[in-house]
Amino acid sequence: MKPAPFDYVRVENVDEAVDLLAEHGDDARLIAGGQSLMPMLNMRLVRPELLIDISHLDELKKIEKTNGNISIGAGVTQGVLATWNDLETELPLVARALPNVGHFQTRNRGTVCGSICHADPSSELPLCLALLEGEIELRSKRGSRMIKAAEFQKGVLTTDRAADELAVSVRFPVTTNGKSFAFTEFNHRHGDFAVVALAASRQGKRISLAVGGVTDKPEVRQWEGLEGSAIADALNDFAWELGGSDDIHATAQHRRQLIRHLGYKAIEETAQ
Amino acid sequence: MKHLSRDSRHPVSFELNGRVVEGFSEPRMLLCDFLRHEIGATGTHVGCEHGVCGACTILIDGKASRSCLMLAVQADGTEIHTIEGLTRPDGSFGILQQAFHENFALQCGFCTPGILMSLSEFLKDNPDPSVEEIKVALSGNICRCTGYTEIINACLDAAAALRASKAEAV
């Protein structure tokens, strides 16, 4: 349970990091908070030749409001975001989700961007980004690009990020007036990986629901003017569509039932 | 840019419980192993080595963190507090240690250093916590002996003692 040997570089700025990524590609891994990467290094699930440390870069530690988005730099920890003064007004869904992301000891180091790039299917922050239709900003020596959350996360621990790209920030659209949110999840212990995690929003007659932990990535559905028993019917269809699979934590049937039950509660909560 | 090669050991220095310590580390060495084997500060225990059990929790720049999920070379220049720093200068128990002692809040003691370090940050931010808040705070520390009831009682006692003493440090 110790990492295999690697070289370690503490870069001075983002440009140095992308230069190294261009040079080393798949042989290099970026480390910011390390709360997902370090367990994988310790268990030798990844064996990089080079570790590029970006955790200390001030240019990546910014939370900024730009063009209706909240841009969160790659060095911003989940703990820092949780205590950001404007979180409840600007990103109420993220404010509800964050206490469920690991434990306060891991949120102290784990970053928002890192969680999104790690792309665990049951992870809360990718789920919020998917529901809010946020974007990820990727930078490489070739240039910069923005990519939508739905196109970024490809599957289990797999994203559209190329080996030479660094996710410099993620952008969550600011909440508009009259939009309400709910977040809920089921797990065996507080802070564990969610068996099923759900995020819901409502604006006027439009209801959106994102589900994590059932398939290989967050799944989002939207409905117009759903009311009464039609909500339960839509959730039942959604649950069967996703299917889910059995594992040590829960059966597929249990997961589908969680979508029906917690999905209903979440949608109800957005109406209050 | 600081490039540390895998084949050699590199100097690492930080402030440990108010005293500057120095040692040498390969890039891949975990901070918990550096503390125990290089510095000799064996109060920090190493359990699961993937961030789940919480036994190795220490304070890095005042924030409770898993020392198994950080490299020793990343700790260079930081300020670290471990269980050894909770003891008073005369060797007697600090407030948290005393409360755990009086409440029988440990049995085998393996998880205790991590729990005390987690609670030392938690009580700084929440001087008057509810039982529910303590349970959430402790969810990141696994204890298989006590069933947690005594630990929660100890935390409540420590919080009351801290408020009464108006002390800064636990």
Side-chain angles (χ1 to χ4, degrees), chain A residues 1-13 15-17 19-20 31-45 47-57 77-80 82-83 99-110 114 187-193, chain B residues 1-8 10 12 25-33 46-54 56-78 114-115 117-119 121-122 125-126 132-133 135-142:
Chain A
M1 292 288 292
K2 311 290 179 195
F6 50 75
D7 281 15
Y8 167 91
V9 173
R10 193 178 157 97
V11 291
E12 305 286 340
N13 51 54
D15 289 342
E16 281 185 1
D19 283 352
L20 284 169
I31 185 163
Q35 301 301 289
S36 301
L37 181 62
M38 285 301 302
M40 294 173 75
L41 285 171
N42 288 356
M43 291 188 267
R44 302 201 179 190
L45 295 171
R47 301 171 73 122
E49 296 292 317
L50 178 71
L51 206 59
I52 305 168
D53 192 348
I54 57 167
S55 61
H56 52 283
L57 297 180
T77 64
Q78 295 142 11
V80 165
T83 54
N100 299 284
V101 180
H103 311 283
F104 83 92
Q105 301 94 330
T106 59
R107 293 195 293 273
N108 276 340
R109 288 192 65 76
N187 48 22
H188 295 291
R189 268 184 345 135
H190 181 87
D192 274 1
F193 288 102
Chain B
M1 186 183 336
K2 189 160 97 178
H3 188 127
L4 308 180
S5 124
R6 76 193 68 187
D7 303 322
S8 32
H10 308 273
V12 172
S25 169
E26 285 178 57
R28 66 166 171 159
M29 189 180 219
L30 304 178
L31 178 55
C32 54
D33 291 332
V46 183
C48 71
E49 294 188 308
H50 62 285
V52 175
C53 78
C56 70
T57 304
I58 61 174
L59 300 189
I60 302 166
D61 292 329
K63 294 286 182 187
S65 312
R66 310 293 202 218
S67 59
C68 73
L69 296 188
M70 186 165 169
L71 301 168
V73 291
Q74 290 184 294
D76 194 42
T78 60
I115 289 182
M117 296 321 288
S118 289
L119 290 180
E121 184 197 342
F122 172 70
D125 301 335
N126 303 275
E132 200 45 48
E133 286 167 339
K135 284 183 181 174
V136 171
L138 285 172
S139 69
N141 291 87
I142 295 177

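Naming convention: chains lettered A, B, ... in sequence-line order (proteins, then strands); numbering from 1 in each chain. These numbers come from the heavy atoms of this one structure, side chains and all, not from hydrogens, waters or symmetry mates.
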**Student:** For A:Asn108 versus B:Ala64, what's the shortest heavy-atom pair and its separation?
**Tutor:**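 What the structure gives for the nearest pair is ND2-O, 2.8 Å.
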**Student:** Heavy-atom pairs under 4.5 Å with chain A - which of B:Asp7, B:Thr57, B:Val73, B:Ile60 has more of them than the others?
**Tutor:**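 Among B:Asp7, B:Thr57, B:Val73, B:Ile60, the one with the most close pairs to chain A is B:Val73.
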**Student:** Which value, rounded to the nearest 0.5 Å, describes the distance between B:Leu4 atom CG and A:Asp7 atom CG?
**Tutor:**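 Spacing of CG (B:Leu4) from CG (A:Asp7) equals 8.5 Å.
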**Student:** To the nearest 0.5 Å, what is the distance between CG (B:Leu138) and NE2 (A:His190)?
**Tutor:**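 It comes to 11.5 Å.
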**Student:** Between B:Ser118 and A:Gln105, do the side chains contain an N or O donor and an N or O acceptor separated by less than 3.5 Å?
**Tutor:**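 Short answer, yes.
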**Student:** Does any non-hydrogen side-chain atom of B:His3 lie less than 4.5 Å from one of A:Tyr8?
**Tutor:**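 With C-beta onward as the side chain, the pair stays apart.
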**Student:** What distance do A:Met1 atom CE and B:Asp33 atom CG have between them, rounded to the nearest 0.5 Å?
**Tutor:**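 Reported to 0.5 Å precision, the distance equals 11.0 Å.
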**Student:** For chain B, which candidate among A:Asp53, A:Val11, A:Leu50, A:Asp192 shows the most heavy-atom pairs at distances under 4.5 Å?
**Tutor:**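 Ranked by heavy-atom pairs under 4.5 Å with chain B, first place is A:Asp53.
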**Student:** B:Arg66 versus A:Gln35: any side-chain heavy-atom pair under 4.5 Å?
**Tutor:**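 Counting from C-beta outward, B:Arg66 and A:Gln35 do come under 4.5 Å.
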**Student:** Can you find a heavy atom in the side chain of A:Arg10 that is under 4.5 Å from one in the side chain of B:Asp76?
**Tutor:**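 The answer is no, as the side chains (C-beta and beyond) never meet within the 4.5 Å cut-off.
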**Student:** Checking B:Lys135 now: which residues fulfil salt bridge (Lys or Arg N to Asp or Glu O under 4.0 Å) with it, not counting sequence neighbours?
**Tutor:**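 For B:Lys135 there are no salt bridge (Lys or Arg N to Asp or Glu O under 4.0 Å) partners, ignoring immediate neighbours.
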**Student:** What I'd like to find out is whether the side chain of B:Gln74 reaches to under 4.5 Å of the side chain of A:Arg109, using heavy atoms alone.
**Tutor:**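 Heavy-atom side-chain distance check passes, below 4.5 Å.
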**Student:** Does any heavy atom of chain A fall under 4.5 Å from the side chain of B:Met70, the backbone, both, or neither of them?
**Tutor:**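 Both backbone and side chain.
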**Student:** Spell out, as yes or no, whether a donor-acceptor pair under 3.5 Å connects the side chain of A:Asn42 to the backbone of B:Glu49.
**Tutor:**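 Confirmed, A:Asn42 side chain pairs with B:Glu49 backbone.
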**Student:** Heavy atoms only, distances under 4.5 angstrom: which of B:Val136, B:Val52, B:Leu71 has the most pairs with chain A? Name it, please.
**Tutor:**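 Greatest number of close heavy-atom pairs with chain A: B:Leu71.
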**Student:** Output yes when B:Arg6 and A:Glu49 qualify as a salt bridge under the 4.0 Å nitrogen-oxygen rule, no when they do not.
**Tutor:**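 Judged by the 4.0 Å cut-off on N to carboxylate O distance, B:Arg6 and A:Glu49 do form a salt bridge.
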**Student:** When you measure from the side chain of B:Arg28 to the backbone N and O of A:Pro3, does any donor-acceptor pair fall under 3.5 Å?
**Tutor:**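 Confirmed, B:Arg28 side chain pairs with A:Pro3 backbone.
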**Student:** Taking side chain as everything from C-beta outward and backbone as N, CA, C, O, which of these in B:Leu69 sits under 4.5 Å from a heavy atom of chain A? Side chain, backbone, both or neither.
**Tutor:**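 Both backbone and side chain.
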